[in-house]
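Just below is one structure, and these are the notes that go with it.
The shown structure was predicted, so the numbers you read here are calculated from the model rather than taken from an experiment. Numbers for residues simply follow the sequence, beginning at 1. Values below: all heavy atoms of this structure, side chains included; hydrogens, waters and symmetry mates excluded.
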Amino acid sequence: MEAKVSKFFSSVSSFFSGGDHIPWCDRDVIASCEREAADAEKGSSDELLKESIMRLSWALVHSRQPEDVQRGIAMLEAALSGDDSPLKMREKLYLLAVGYFRSGDYSRSRELVEECLTIAPDWRQARTLKKSIEDRITKDGVIGIGIAATAVGLLAGGIAAAVSRKK
């Protein structure tokens with residue numbers, strides 16, 4: 001019984017904290033990736049430049065700063081047009097989905113993660129992201145319903161009070 005109660009409170013706590021399992025990235029990691037990309041741009045091979053840009057994109061979409069996330073999304077969208085292998089396309093789509101998830105565009109994030117899963121249906125990372133997206137959509141829906149119900153209750157209470165004063 002005690003385990004069930006503990007599990008219940010843990011799930012309620014997780015629901016309200018919005019705990020997803022996507023890692024965060026610090027500013028120093030982003031700065032390091034930016035230096036690496038700048039160095040690769042100066043004279044390295046094209047492949048090394050693409051790899052350093054992908055690492056920078058990863059760091060940006062995992063940042064806590066919204067402007068970094070937007071930069072990462074823009075970089076990844078620009079990189080999508082290239083001819084890539086399905087594996088690289090899957091990674092770019094996944095990182096874009098993470099970026100949109102972090103920026104709060106859950107419907108776009110879900111579309112992108114679905115594309116990832118058509119390329120690699122058993123990819124556990126994409127499945128985990130999809131579950132986080134669906135959990136967040138559910139949470140936002142429940143909170144929205146709660147706010148609407150509260151507003152209706154307050155309105156009904158105000159009308160009832162006004163009617164009772166007139167009598």
Does the [X] side chain pair with the main chain of [Y], one donor and one acceptor, at a distance under 3.5 Å?
X      : Y      : result
Ser63  : Ala59  : no
Lys130 : Val113 : no
Ser109 : Asp105 : no

Are [Y] and [X] linked, directly or through intermediate hydrophobic residues, by side-chain heavy-atom contacts shorter than 4.5 Å (ILVMFWY only)?
X      : Y      : value
Met75  : Met89  : no
Tyr106 : Ile73  : yes
Met54  : Leu129 : yes
Leu49  : Leu95  : no

So, do [X] and [Y] sit near enough that their side-chain heavy atoms are less than 4.5 Å apart?
X     : Y     : answer
Trp58 : Pro23 : yes
Leu60 : Val69 : no
Leu93 : Leu80 : yes

Is there a side chain to side chain contact (heavy atoms under 4.5 Å, CB included) between Trp24 and Arg64 once you walk through the steps? CA-CA 7 Å; Trp24 293 100; Arg64 294 183 187 273; 3.2 Å; yes
Sequence neighbours left out, cut at 3.5 Å: what donor-acceptor pairs do the side chains of residues 27-41 make with other protein atoms?
from, atom 1, to, atom 2, distance (Å)
Arg27, NH1, Asp68, OD1, 3.1
Arg27, NH1, Asp68, OD2, 2.4
Glu34, OE2, Arg71, NH1, 3.0
Glu34, OE2, Arg71, NH2, 2.7
Glu36, OE1, Arg55, NE, 3.4
Glu36, OE2, Arg55, NE, 2.9
Glu36, OE2, Arg55, NH2, 2.2

Can you list the residues that meet the side-chain contact (heavy atoms from CB on, under 4.5 Å) rule with Arg110, with sequence neighbours excluded? Glu114, Ile133, Ile137
Please report the shortest heavy-atom distance between [X] and [Y], naming the atom on each side.
X      : Y      : result
Ala120 : Arg90  : CB-CD, 3.6 Å
Leu117 : Ala126 : CD2-CB, 3.7 Å
Arg102 : Val61  : CG-O, 3.4 Å
Ser103 : Gln70  : CB-NE2, 3.4 Å

Are Glu111 and Arg108 within salt-bridge range, i.e. N to O under 4.0 Å?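 Result for this pair is yes, salt bridge flagged.
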Restricting to salt bridge (charged side-chain N to carboxylate O under 4.0 Å, His left out), what partner residues turn up for Glu67, sequence neighbours left out?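 If we apply the salt bridge (charged side-chain N to carboxylate O under 4.0 Å, His left out) test to Glu67, skipping adjacent residues, there are no hits.
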